[in-house]
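Below: one structure, written as structure tokens.
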Protein chains: 2
Amino acid sequence: MADDKGRAYFEAVTLKEHGRLCPDHVPEVYHFDRVMSLIGMRYLEPPHIILRKGLIAGVEYPLLAEHISEYMARTLFFTSLLHRTTTEHKRAVAEFCGNVELCRLTEQVVFSDPYKVSPHNRWTSPYLDRDVEAVREDNTLKLEVAELKSMFCERAQALIHGDLHTGSVMVTSDSTQVIDPEFAFYGPMGFDIGAFVGNLILAFFAQDGHADQENDRKAYKDWILRTIDETWNLFHKKFNALWDKHKDGFGEAYLPAIYNNPQLQLLVKQKFMKDLFHDTLGFGAAKMIRRIVGVAHVEDFESITDAGKRADCERRALDFAKMLMKERRKFQGIAEVVSAIHELHS
Amino acid sequence: MADDKGRAYFEAVTLKEHGRLCPDHVPEVYHFDRVMSLIGMRYLEPPHIILRKGLIAGVEYPLLAEHISEYMARTLFFTSLLHRTTTEHKRAVAEFCGNVELCRLTEQVVFSDPYKVSPHNRWTSPYLDRDVEAVREDNTLKLEVAELKSMFCERAQALIHGDLHTGSVMVTSDSTQVIDPEFAFYGPMGFDIGAFVGNLILAFFAQDGHADQENDRKAYKDWILRTIDETWNLFHKKFNALWDKHKDGFGEAYLPAIYNNPQLQLLVKQKFMKDLFHDTLGFGAAKMIRRIVGVAHVEDFESITDAGKRADCERRALDFAKMLMKERRKFQGIAEVVSAIHELHS
């Protein structure tokens, strides 16, 4: 049975597959030993650090949006039915159904625990006690998270990384490397893009907690917002370019004989990208919420030692995420999301 | 590899699984021989006939809606995440990914061929030449069918029959038996419900071709419309009753600790059933269109010997189906669909 293969197997297979599709941003796997669950892969030498640590330190990465959008566009496009035949797709989907234990973990910590009383949950108490209760009592929010969870469980759209937060990316000023895809499976594309964007938004809301007399972090916050904007816009551009380039290929979703007229191509792409954008915002919001009221928190906030200050930052992020999940379909583009962050924040 | 198992394997497995869930409406399998691809199953004795033949002959089946709604509610509910854990679900999804050849066939004949020039397509020529061309030129329609196709290919919602038209059902006045699930896989629930409802609508539009001086088929057309109405409404009722009964079970989609408050339960169900209704109308429309302009036609129309008369019936059905696919989200309930059939017809 596929489900006895374990997480190292799926991590290795995904590193190889994503590495083949985007070698510039995935470390090479030299050897995988299944019995030992051992992956021999490229050593990401200093000064590579975990992106999240760079974001806490206030370091700008001018190529980050360019690189991560390249990674997302290539891995998601080429493993979807925009490029593959149904035969290839179903074979791969079946194999990754074996990674069920880690899918269940994501279901629990992202889509379930934050919305119920759970011994795993924690938060900055007592400051956020009322906010956490409000999440559990928000029927509209719970309705939305149910829809997102269904999509996560049922929709085999592409081979997603499955845990693409800022702790799964190593960076230098000119290198961006995506690691740790042990949660990979065939799921909705928006879950990856949302994870990355959602974690950038968390990093943004944490900045006030890291500001001091020396550095008010204003310029850095602007850089984060620009990076959010660029990540989506560059992803959009690159994904569409791949689609254009391969529109006469074997992808099962939009057969050339039906969809290759310029006007219809445009309509189809607009609809696809609009839906994907809204999925991205929904999943991004879910990933933000779970990091504030669920079991696993992020160092962005955890490293703010003053609990009252930390709670203020977290509450702003939580309020924004709740709004984003509920109102996501009203946003026409990433610029509107960035404006909304600005407004809520000032 | 699962995909070497062949159609008889998936047919047998599905007959057994659906039979376990709904023994009253699925013939019992006594023996399956994999090497011989041989299924030994209950003989559906006379006067059982194929439902489609009964519909052409103008026979009323007073229990049809009751029975088929029971079959659909039970098979779809119990094989979905409303009742199952993710672990059970993913294991089953993986196995049925092996039935890829028949999924591809459906993709081609339902979602692709009717929307392009294909040597397989045929229609009542020359009467419908312009109508067939109009389908190929209808960008809005093609945008909608792309969305439905994506759902068909990507969304593993439940173990669906996969070909639930009126030729896959055998009936007497008090028995309804669903046969031939060789196209079964984990797909969207609306594909099954839509197949059945869409084929009833086809049967309705064919009646004028079967009317003669002896029988104007007016009463029979009313019976078909009532059956369409009752099929959805009874399905809705039964599906919701199963959900109520099992809401404290192990289903992964709506955990009791999050969703078991009466107001939220209601909201969640309303949203789920509304989406399912619209999926049903979309897939139903797709199944209608393919039977008029695609490779495989239905005896309901084929048995109308006068080509001009047949084309008139088919054109009305086609126009209705196109409207239904494009406008499906505007329909609030099945009564509105029945009214729309009435209006277009009179």
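Letters go in sequence order (proteins before strands), and every chain restarts at 1.
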- Query: Hey, does the side chain of B/H278 reach the backbone of B/F331 with a donor-acceptor pair shorter than 3.5 angstrom?
  - Reply: yes

Quiz prompt | Main-chain N/O of B/E182 paired to B/N99 side chain as donor or acceptor, under 3.5 Å | solution = yes

B/R130 and B/E133 ion-paired at < 4.0 Å:
yes

Residue from A/S150, A/S118, A/A156 scoring the most non-hydrogen pairs under 4.5 Å with chain B is A/A156

What one should report as the nearest heavy-atom pair of A/I160 and A/P188 is CG2-O, 3.6 Å

Checking heavy-atom separations under 4.5 Å from chain B, one finds in residues 78-85 of chain A A/L81, A/T85

Scanning both residues in full, the closest heavy-atom pair of A/I258 with A/L264 reads O-CD2, 3.5 Å

One option among B/M151, B/Q263, B/R136 has the most heavy-atom pairs under 4.5 Å with chain A, and it is B/Q263

Honestly, the part of A/C153 sitting under 4.5 Å from a heavy atom of chain B is both

Per-residue tally against chain B (heavy atom, under 4.5 Å) across A/K142, A/E107, A/Q157, A/E147 peaks at A/K142

**Report entry** Stepwise side-chain contact (heavy atoms from CB on, under 4.5 Å) test for B/F77 and B/M72
**Finding:** CA-CA 8 Å; B/F77 180 84; B/M72 295 191 301; over 6 Å; no

Say whether, by atom type as modelled, one donor and one acceptor occur between the side chain of B/H18 and the main chain of B/L159 under 3.5 angstrom.
yes

Inspect the contact between B/K322 and B/E144 and indicate whether a charged nitrogen and a carboxylate oxygen are less than 4.0 angstrom apart. no

Chain A shares the most heavy-atom pairs under 4.5 Å, among B/K149, B/K90, B/K116, with B/K90

Counting heavy-atom pairs under 4.5 Å with chain A, the top scorer among B/V117, B/L143, B/T140 is B/L143

Open item on the list: If we count only N and O atoms by modelled type, under 3.5 Å, do the side chains of A/E95 and A/Y9 hold a donor and an acceptor together?
Closed with: yes

**N/O donor-acceptor pair under 3.5 Å between A/R104 side chain and A/E101 backbone** = no

Taking a cut-off of under 4.5 angstrom between non-hydrogen atoms, the residues of residues 266-275 of chain A near chain B are A/L267, A/V268, A/K271

- Query: Are side-chain N/O atoms of B/D129 and B/W123 paired as donor and acceptor at under 3.5 Å?
  - Reply: yes

Open item on the list: For A/M189, is there any backbone N or O sitting under 3.5 Å from a side-chain donor or acceptor partner on A/D279?
Closed with: no

Of B/A257, B/S112, B/C103, the largest count of non-hydrogen pairs under 4.5 angstrom with chain A goes to B/S112

Honestly, the part of B/E252 sitting under 4.5 Å from a heavy atom of chain A is both

Okay, B/Y254 and chain A: the region with an atom under 4.5 Å from a heavy atom over there is side chain

Whatever's closer than 4.5 Å to a heavy atom in chain B on A/F96 counts as neither

Turns out that what part of B/R155 lies under 4.5 Å from chain A's heavy atoms comes down to both

From the list A/N139, A/V93, A/L255, the residue making the most non-hydrogen contacts under 4.5 Å with chain B is A/N139

Smallest heavy-atom separation, A/G282 atom then A/L148 atom, equals O-CD1, 3.5 Å

Report the C-alpha separation of A/E327 and A/K330 in whole Å, then their side-chain angles, then the decisive distance to 0.1 Å, and conclude whether the salt bridge (charged side-chain N to carboxylate O under 4.0 Å, His left out) test is met. CA-CA 6 Å; A/E327 310 289 331; A/K330 293 181 186 158; 2.4 Å; yes

